[in-house]
Protein chains: 2
Amino acid sequence: MSSSRQRILDAYEDVLAADGERHATVEAVAAKAGVSKGGVLYHFPSKDRLAEALYDRMLALAAQDVDQMRTAPDGPARYYIRTSHYAGTPLDRALVAVARLRQGGDSRAREVLEDVSGTWLRVLHESLGDLDVARAVKLIGDGLYYTALHSTLDGRTEGEDDEAGLLAVIDRIISVDSH
Amino acid sequence: MSSSRQRILDAYEDVLAADGERHATVEAVAAKAGVSKGGVLYHFPSKDRLAEALYDRMLALAAQDVDQMRTAPDGPARYYIRTSHYAGTPLDRALVAVARLRQGGDSRAREVLEDVSGTWLRVLHESLGDLDVARAVKLIGDGLYYTALHSTLDGRTEGEDDEAGLLAVIDRIISVDSH
DNA sequence: GTCTATATTGTGATAGAC
DNA sequence: GTCTATCACAATATAGAC
């Protein structure tokens, strides 16, 4: 029904990812979305409401991801590492945008990110049994995501196949308790 | 000779860490340092020069850390994990401040951070032999640092002793090739 | 060396035309 | 629903007093 709303939200994500929170002004978002400042502020009465809409979108996408993680054929741990690569999915895009807001000092962004982060760790813990192993796996995934992310945002196309070797390391870690 | 310069730089780090790049205005830095806007802009002709000075400080401190890492009694890998805890050292403070600038979209901040990050990985690789193992160790350290960092910045005091269990996991990872 | 103006630009937000 | 003004305010930076 309101396709403009989605387009504006997409543009907000784009600008946040590409230029950071500082440059994600209403005017920049409007330009990216192909509307005017007034157009943006019609759909989102204030900049805060724009951010709120982004949080909602991100939480919904994260909930879907947790479902897929729980039912992954090769288990949550390998799923988590496999998907720690910024593939440009809707979740990736929303996640990056919210992370930028967090770094801008937004406390709501922090809460939302910690919420999903805690959920992911909980799923890993339930699946692996050992909390330390779960934390190690999660940290590797997070770090992997973080570096892959910046490579992508900075326009580099390297790091295509770094995953294979790390998955082998992961297998050694998670199989420790089953010897 | 110029103690004010250092005080202003310290204040810049503080404001960046506490409130993010968005709120690290010249006025905020001046207030934190106990001088006026004009006072700041006397020592650093522009905001860019202030950032440049921060990069220089950070690179010098990182170089010292790499030396300590190379000569650590328990080896670079365990040293890296042990020191991934935001202890409020001068390097920690500079690192956090530059990371905030990076998230603000500053490309020079990105270059500087990738420079030191690459050096750390190189040292781990030289020490451990296997690049995948080195990457896993580095990712765990980075992720650990990242989460510990936000706990600290948000005023929480949790996570005191999460290190022990993870070090055990690390030992298992790095001993894989010596069986 | 540090301050108090002040100039200039940016940004978020509002009001009203279309 | 979207645009074109326009306002109020905050930010960087400059000029000149002390």
Side-chain angles (χ1 to χ4, degrees), chain A residues 1-57 97-98 100-110, chain B residues 1-57 97-109:
Chain A
M1 48 191 83
S2 64
S3 148
S4 290
R5 246 187 89 96
Q6 301 303 320
R7 264 214 346 270
I8 292 169
L9 217 43
D10 290 343
Y12 188 37
E13 286 180 350
D14 281 346
V15 177
L16 276 172
D19 304 323
E21 192 256 348
R22 182 71 174 272
H23 300 100
T25 66
V26 173
E27 190 166 24
V29 173
K32 193 86 174 182
V35 296
S36 72
K37 271 208 279 191
V40 170
L41 290 168
Y42 167 78
H43 291 285
F44 304 93
S46 73
K47 215 191 178 188
D48 280 358
R49 299 292 292 271
L50 184 60
E52 274 297 327
L54 180 61
Y55 300 147
D56 290 343
R57 169 187 275 192
V98 175
R100 291 274 155 121
L101 288 177
R102 176 197 195 146
Q103 294 290 350
D106 188 309
S107 65
R108 181 89 185 95
R110 170 175 63 78
Chain B
M1 49 190 83
S2 64
S3 149
S4 290
R5 244 187 91 96
Q6 301 303 320
R7 264 211 351 265
I8 291 169
L9 217 43
D10 290 343
Y12 188 38
E13 286 180 350
D14 281 347
V15 177
L16 276 173
D19 304 323
E21 191 258 347
R22 184 69 174 273
H23 300 100
T25 67
V26 173
E27 189 166 26
V29 172
K32 193 84 175 183
V35 298
S36 72
K37 273 204 278 190
V40 169
L41 290 168
Y42 167 77
H43 289 286
F44 304 93
S46 74
K47 215 190 178 191
D48 281 357
R49 299 292 292 269
L50 183 60
E52 272 298 327
L54 180 61
Y55 300 146
D56 290 343
R57 170 187 276 192
V98 175
R100 290 272 156 124
L101 289 178
R102 176 199 196 144
Q103 294 290 353
D106 188 309
S107 65
R108 181 90 183 95

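The figures here come from the full heavy-atom set of this structure, side chains too, leaving out hydrogens, waters and symmetry mates. All chains are named by letter (A, B, ...) in the order of the sequence lines, taking the proteins before the strands, and each is independently numbered beginning at 1.
- Rounded to an integer number of Å, the gap from L50(B) CG to dT12(D) C1' is 12 Å.
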What N/O pairs connect the protein and nucleotides 16-18 of chain D at under 3.5 Å? Give each pair on its own line.
none

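- In this structure S46(A) satisfies the side-chain contact (heavy atoms from CB on, under 4.5 Å) test together with D48(A), R49(A), sequence neighbours excluded.
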Under-3.5 Å N/O pairs linking protein and nucleotides 1-4 of chain C:
from	atom 1	to	atom 2	distance (Å)
dT2(C)	OP1	S4(B)	OG	3.0
dT2(C)	OP2	H43(B)	NE2	2.3
dC3(C)	OP2	S36(B)	N	2.6
dC3(C)	OP2	S36(B)	OG	2.8
dC3(C)	O5'	S36(B)	OG	3.3

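- By the side-chain hydrogen bond (donor to acceptor under 3.5 Å, both in side chains) test, D10(A) pairs with R57(A), sequence neighbours left out.
- Applying the salt bridge (charged side-chain N to carboxylate O under 4.0 Å, His left out) test to D14(A) and every residue at least two apart in sequence or in another chain returns R93(A).
- For dG10(C), the glycosidic angle deviates from 0 by 90° or less, giving a syn base.
- Listed by chain and number, the residues in a side-chain contact (heavy atoms from CB on, under 4.5 Å) with R22(B) are E21(A), R22(A), K47(A) (sequence neighbours excluded).
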task = Could you go through the side-chain contact (heavy atoms from CB on, under 4.5 Å) check for S4(A) and R7(A) one step at a time?
result = CA-CA 5 Å; S4(A) 290; R7(A) 264 214 346 270; 4.1 Å; yes

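- Among residues two or more places apart in sequence or in another chain, the side-chain contact (heavy atoms from CB on, under 4.5 Å) test is passed with A109(B) by Y55(B), V98(B), L101(B), R102(B), D106(B).
- Within the model, atoms CZ of R100(B) and CG of D19(B) stand 8.5 Å from one another, a figure rounded to the nearest 0.5 Å.
- In this structure, L16(B) and A24(B) approach most closely via the heavy-atom pair CD2-CB, 3.6 Å.
- Proximity of residues 11-28 of chain B to DNA chain D (heavy atom under 4.0 angstrom from any strand atom) is restricted to T25(B), V26(B), E27(B).
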query = How is the base pairing of DNA chain D summarised as a dot-bracket string, given the Watson-Crick and G-U wobble criteria with both distances under 3.5 Å, [ ] for crossing and | for another strand?
reply = ||||||||.|||||||||

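- Which of dT12(D), dT14(C), dT14(D) sits closest to the side chain of L41(B) comes down to dT14(D).
- Counting only residues at least two apart or on different chains, no salt bridge (charged side-chain N to carboxylate O under 4.0 Å, His left out) pair has a member in residues 27-42 of chain B.
- A search for side-chain contact (heavy atoms from CB on, under 4.5 Å) contacts involving L50(A) returns I8(A), L9(A), Y12(A), F44(A), not counting sequence neighbours.
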